Amino acid sequence: MKNKTPTIALIGSGLQLSMCASFLAEKLQYLKPTIVAIQLPPDERESHVSFLFPPFAEPAIPLIRRELSEVGLQKITITTPASPSGFAFNFSPYGVVSDAVTFHHAYQVCRQQEADVPSYDSFLAITPPPSPGVVYLRKNVTHEYRHLAVRRGVTYVPSKDVTVVLSEDEKKIFSVQTSTRQVMTADYFIDCSLGGVVMQHLQKKAVLSEQMIPSWSWDYRFGAFEGGPVESELKLERMMVKRIGRLSCGRAEKTYIFGSPDRLCEYFERPWLANCVAIGSGFAEVPELLVDLDQILARQLVTLSWLLGVSSETTHSARYFNMLSMRDFGEAADMVNLLLRGALDQPLELTESNRRRVELFRSSAGTVKENNALISENAWTGLMHAVGYTPRNTNAVTEAIDSRIIINRTKSLLSR
Amino acid sequence: MIQKLMIVGGGTAGWMTAAAFCHLFQDSALQITLIESEAIGTIGVGEATIPHIRYFNERLGISEHEFMRATNATFKLGIEFADWKQIGHSYIHPFGEMGFPTKHAPFYHYWSRAKRLGASLSADEFSLAAQMARLGRFTYPSKKGSGFLSNFSYAFHLDASKYALFLRGLCERNFRNFTRVEGKIEHVRQDSETGDIIGVTLGDGLTLSADFFIDCSGFRSLLLCQTLGANPIDMSEHLPCNSAIAAPTDETYPNVPYSRATAHAAGWQWRIPLRHRTGNGFVYATDFMSDSEAEQLFDGNLGGEKLADLNLIRFQARRMDTSWRKNCVGIGLSGGFLEPLESTSIHLIQAAILKLAELLPGHKDWRAESEQFNREMADLYEKIRDFLVLHYRVTERADSEFWRYIKNMRLPDSLDQKINLLREAGIVDTYQHGLFLEASWALVYFAQGGETAALHHRTCHLTDRELVEQLKNFRDEIANNARGVAPQSELLDQIHEGTVTEQWPQSAMSLYGVFS
């Protein structure tokens, strides 16, 4: 009993191409696929530092962790003009005090009644097991992934660009041609190139309203090591957001300037269409403030590895993949929207899902529960506190309990 | 903050709600009143439960053995589905995982591949809970073991009316902030400006007021639907059964730790073995079977003498468009109803109580909270509906008008996508927040004869021969363990006689184990 051996053409550059190549080569190994990675010139981000935050623990990510385990990031701090506060991940919000009194509620009681409440992220340290993030140089990681991919049989074909040939009915990709006139046909074309150079022949991109995420440009600098712990920091000032990473090899600073008409929050509504699949940077563009497209790409790869090559029909697989991809993109965009709305001088509209989140949080410190969430409930609560939203109250059960009990139990979490 | 909470209706939903809120607010000034009328009967939902009820009881500080004695309970390890795939076929949907996942893939991928290779292996053979159930054995999930010894859970068959009485006793005995009022509501009073409910007038003229109301009035939905105008969303297109006849019989099955749901020509029949009697019911669609036909078939299928007259219940699969409207929440049948094929009635009550307890704000503007509550409840209902319809749809049966209707009916989009994804790619579109997760979807789909075009390559680290051999060994190991367990009746006798140490595993809000 055997599956058909698929041919897969990957189109992209840098880290995302190599992540994709090595991951699929490993996960599809029993299909014995032919994987060709058409390597476009590196885009400018490849010299950058990236940050890996703890909630994104998909199989692709431990690979990076393992290779960079010496660079543990224990704490992520967000500083905003509105509220110096923290950002926490990965501990269960439930049952801290009693049923129906979640950590979010208990923390709110502490904030209402105590002057010296530790920041939300202080509670990260009690997370069992500790869940450090990492800061890494993309170039180094790209090299490691490429090495793995080649070892697993992926063929790399460098090309300055690609020419896309559509099928006669123009509904799918027939072939791609490299700058050296090599023609590639494949069962699947997986496009992780910046902007989706292959997918854009099959569909136009949709754009998220600038009223929700304004257009932006960015600047990147890498300087000498300044000392101090390995950590990353996000600074929000007027129309600027600075993402700063301190590594033992240097200090990376990426500055986003919003309102500058350079880049838009764009995406393909059907990232899997016919025989083409757009992932990561090939799928969407979103300011990488808290969620990197690498993380979305990693989750897309996990899903894809369950779907590729298992059946000749792909209608429902594509629908499933598109639904999950759009959900992740929506969450990533929501997080940027919420962060910017609290930080920028320019008034922004909340997305519909953020409206629900904010209303519930402001009313009674509640959290919206989503299925298969990219971003944890704790992360949303941390962000709410960070950007300055204050709940009016908590829930009735919390109010019915002596606040001293709640405060003592919550604080005792820190001393454990 | 609300000062007075009124619960209307005293069936299973009413008393579970009262017990939970009395417990949660026992040190507060909140006054809780429950109004019920002995003149109005209760449906007595949920003789068969799912493991989540243990979590509910544990939070109330209830001793599991005391509860079992009070409700004439027996253990339940799952549900046997007879004649669903085809007449003569049966399988057990256990409370637990099917096998356990490897680092490569969930277990069902291995099973599915072995089946395509022609191996004769039933899906439910890879669950200790299902194997014990078939043999009439029962033991608790192991805390020390790993894999199949611990990845299952258990629930109870119980007398629902006795459970309500048990909770009533708890409320009346333990909570000073609780009052029970006997009476029939004649009139519901509303604020003329806001439309909020402000109180009720009883038949004897007594008026009672409150600032928050929980409607547990059953199918009548007196407050939520009749007073506040919540609109029922009809789900009968996909779940056409709309009637049930029920009657207890005198026989007992001391070594049957599972419920049985037997499909028939226009629905299905349940058998729930309690300690002192057996609960029976016959669910059918009147578009395809008359009441008299149903009664005749039901009578012919009973295993003992009837202990009461037949109870005819008319229903409609539905949920309210808003379970929380203004200052009122509908819990139980007033908020919606799905047929009890997977014993979800008490769970829906419990889920609504826990969601309400978490969301109910400390102030009186609950627009954001009610929106969230309604979204979560709608999601829960629709996911359970999809799972129930799965049982009817994935079958070889086409031997009556009813089954042919089901075969041709349009599926809800969400279920259509799930089934087609399983057919096409062999994977389950799973989720975090929901009752039935990947293991249940895979087991029911494959056990009822669902096919997949996909051959999952991730299992190919084993050769065909290795795969079949390892699965057979695994099945035999589970069977040997099941045979080593004592009959259920031994533990039941000790519990009901009070001669066993009060020890049981911790509870969890999960079908799939208590230690994960």
Side-chain angles (χ1 to χ4, degrees), chain A residues 1-3 27-33 59 94 98-102 105 303 305-321 323-324 355-373 391-402 405, chain B residues 1-2 5 20-21 23-30 55 59 104-105 113 116-117 212 354-363 365-369 371-372 375-376 379 416-427 429-434 452-461 464:
Chain A
M1 202 183 289
K2 281 200 166 63
N3 283 305
K27 295 299 176 191
L28 306 181
Q29 60 183 295
Y30 297 107
L31 278 176
K32 300 188 170 45
Y94 300 106
S98 76
D99 290 331
V101 182
T102 68
H105 295 123
T303 306
S305 70
W306 286 103
L307 301 171
L308 291 182
V310 296
S311 171
S312 55
E313 284 293 316
T314 58
T315 310
H316 298 280
S317 303
R319 197 173 290 166
Y320 176 61
F321 177 83
M323 186 259 296
L324 295 183
R355 179 197 63 76
R356 284 200 309 270
R357 285 188 184 99
V358 168
E359 283 181 4
L360 187 58
F361 183 76
R362 291 176 79 167
S363 177
S364 54
T367 54
V368 170
K369 292 174 179 58
E370 302 285 359
N371 270 309
N372 308 325
R392 283 168 61 193
N393 220 318
T394 58
N395 65 2
V397 178
T398 307
E399 292 228 328
I401 296 171
D402 185 340
I405 296 172
Chain B
M1 185 168 162
I2 58 171
L5 174 73
F21 276 80
H23 177 76
L24 286 167
F25 290 93
Q26 59 187 309
D27 298 323
S28 79
L30 180 69
Y55 183 87
R59 292 305 176 273
H104 300 280
R113 184 177 146 211
R116 283 175 64 165
L117 289 166
F212 199 84
L354 294 179
K355 282 183 203 303
L356 178 61
E358 187 181 329
L359 285 168
L360 185 67
H363 50 76
D365 177 3
W366 31 66
R367 281 170 298 181
E369 289 77 9
E371 185 183 348
Q372 178 63 15
R375 282 181 76 235
E376 289 186 26
D379 187 56
D416 186 62
Q417 167 64 14
K418 274 196 178 73
I419 289 179
N420 278 309
L421 185 66
L422 268 159
R423 281 191 186 134
E424 183 178 290
I427 62 169
D429 171 7
T430 191
Y431 37 75
Q432 291 163 318
H433 302 296
T452 177
L455 168 61
H456 230 289
H457 52 84
R458 289 210 190 176
T459 63
C460 293
H461 59 98
D464 290 350

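Just so we're clear, the structure is a prediction, and the values are computed from it rather than from any experiment. Chain naming here is simple, since letters A, B, ... match the order of the sequence lines and numbering starts at 1 in each.
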Margin query: Side chains of A:Ser364 and B:His363: any donor to acceptor distance under 3.5 Å?
Written below: no

Margin query: Quick one, B:Glu358 with A:His105, criterion side chain to side chain contact (heavy atoms under 4.5 Å, CB included). Give me CA distance, side-chain angles, the key distance, then yes/no.
Written below: CA-CA 9 Å; B:Glu358 187 181 329; A:His105 295 123; 4.2 Å; yes

Next item on the list: Measure distances from B:Arg367 to the heavy atoms of chain A and classify the residue's part below 4.5 Å as side chain, backbone, both or neither.
Entry: neither

Check: Does any heavy atom of chain A fall under 4.5 Å from the side chain of B:Glu369, the backbone, both, or neither of them?
Finding: both

Notebook entry, point to check: Do you know which of B:Leu356, B:Ile427, B:Asp416 has the most heavy-atom pairs under 4.5 Å to chain A?
Noted result: B:Ile427

Notebook entry, point to check: Relative to chain B, which segment of A:Glu370 carries a heavy atom at a distance below 4.5 Å: side chain, backbone, both, or neither?
Noted result: both

Check: Picking from A:Ser363, A:Gly366, A:Ala400, A:Ala365, which has the most non-hydrogen pairs under 4.5 angstrom with chain B?
Finding: A:Ser363

Checklist line | chain A contact via B:Glu424 - side chain, backbone, both or neither, heavy atoms under 4.5 Å | finding: both

Notebook entry, point to check: Would you call the rings of A:Tyr30 and B:His461 parallel, tilted or perpendicular if under 30° counts as parallel and over 60° as perpendicular?
Noted result: tilted

Item checked: Proximity breakdown for B:Thr452 and chain A, heavy-atom pairs closer than 4.5 Å -> neither

Next item on the list: Apply side-chain hydrogen bond (donor to acceptor under 3.5 Å, both in side chains) to B:Lys418 and list each qualifying residue two or more places apart in sequence or on a separate chain.
Entry: none

Notebook entry, point to check: Top residue by heavy-atom pair count (under 4.5 Å) with chain B, among A:Glu399, A:Arg356, A:Glu359?
Noted result: A:Arg356

Margin query: Just verifying a value: how many Å separate B:Asp27 CG and A:Asp402 CG, rounded to the nearest 0.5 Å?
Written below: 9.0 Å

Next item on the list: Please flag which part of B:Ala29 lies under 4.5 Å from any non-hydrogen atom of chain A: side chain, backbone, both or neither.
Entry: neither

Check: Which residues pass the ring pair (Phe, Tyr, Trp, His ring centres under 6.0 Å) test with B:Phe25, sequence neighbours left out?
Finding: B:Phe21

Notebook entry, point to check: Is it the side chain or the backbone of B:Gln26 that comes within 4.5 Å of chain A heavy atoms, both, or neither?
Noted result: neither

Margin query: As an exercise: rank B:Gln417, B:Arg423, B:Arg458 by heavy-atom pairs under 4.5 Å with chain A and give me the winner.
Written below: B:Arg458

Note to self: Heavy-atom cut-off 4.5 Å, strictly under: side chain, backbone, both or neither for B:Asp365 against chain A?
What the structure shows: both

Check: Side chain, backbone, both or neither: which part of A:Leu28 has an atom under 4.5 Å from a heavy atom of chain B?
Finding: both

Check: From A:Leu31 CG over to B:Cys460 SG, what is the distance, rounded to the nearest 0.5 angstrom?
Finding: 7.5 Å

Next item on the list: Let me know if A:Arg392 has heavy atoms under 4.5 Å from chain B in its side chain, its backbone, both or neither.
Entry: side chain

